[in-house]
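Here is the structure we will look at, set down as structure tokens.
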Amino acid sequence: MSRVRGLHHVTAIAGNARRNLTFWREVLGLRFVKKTVNFDDPTVYHLYYGDELGRPGSVMTFFPWEHAAAGRRGAGEVARTQLAVPRGACDWWRERLATAGLETTRDHRFGEPRLALRDPEGLDLALVEAADDDREPWLGAGVPVEVAIRGLHGVTLALADPAPTASMLIDLMDFATGAEAAGVRRLEAPAGSAARFVELVATAAAPARLGAGSVHHVAFAVADRAAQDAVRARLVEGGFRVTPPIDRDYFHAVYVRGPGGVLFEVATEGPGFTVDEPAAALGSALRLPRRHAHRRAALEAALPPLD
Ligand code: ZN
């Protein structure tokens, strides 16, 4: 029985919080769904972007560490995060991004036209024209519905040896082998989400170094805690060290390091971002987890202003 239902979110490291917000909300047009802090380091924001409700599979999140050195691309990381757009949308985005001062590159993989770009923090992205994505997009920043980002499409992992990571994802995390093209092996989550692709690329590069513009981890979605326990038990049985479930307020998370070095998370679909503010007000106020709530005044004074 398959438990993993595709991607839940991708979390990356940014430098400047305001620049990050400007790009993801004002240029890409995603909804800013949660302004909170890194639960493990509450002096740093944790910013979430997604669709109207920040549904699993639509969510990009960032830790903006103001003084983070730039990351270095290499082996053992998410080399590119893919966002789904409708067929024919890349031309519109190419102009939009050029106006924002960003260079883009057209390419084509698995029958899908793509537009590769690097966000202002150095994060490698691709807008991918997905044929069968019927998710309803958030319409922000004047982006028309015909081209608006639907959510995550997939991730590309660069690995010294893709085979052990492929085995983990297929044998323990419900992925199926999909197409293979030009040295890229594509795995696909079986059901439940349009955000379902993991592409594996072999690289001879030196190990990646985490920093601004790097993906910190990629999270896979499960329905609930019971499904999470089942996936966790399989991973433990498979010899992986997995954290106990951690309450992240908006979902429950477990973390496991893949054999290729990429940090994976398995996150529950609920309770979601409306647990501490109404849908209409998502992202409008700083939300703090219970354990840091008593520090609100000090944290608000220390965090850089966003708007
Ligand atoms: Zn996460």
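One-based numbering, in listed order, for ligands and for the atoms of each. The residues of the chain are indexed from 1 along the displayed sequence.
A distance-only check finds a donor-acceptor pair linking the side chain of E277 to the backbone of G283 [under 3.5 Å]. Side chain of Q228 to main chain of V266: a donor-acceptor pair is present (N/O by atom type, distance under 3.5 Å, no hydrogens or angles).
Judged purely by distance below 3.5 Å, without hydrogens or angles, the side chains of T11 and H217 pair a donor atom with an acceptor atom.
At least one N, O or S atom of H9, from either the backbone or the side chain, sits less than 2.8 Å from the Zn ion (ligand 1). Inclusion of H216 in the first shell of the Zn ion (ligand 1) is not supported: no N, O or S atom falls under 2.8 Å.
The atom name of the N/O/S atom in E265 closest to the Zn ion (ligand 1) is OE1.
Side chains of P42 and L288 form no contact here, defined as non-hydrogen atoms less than 4.5 Å apart.
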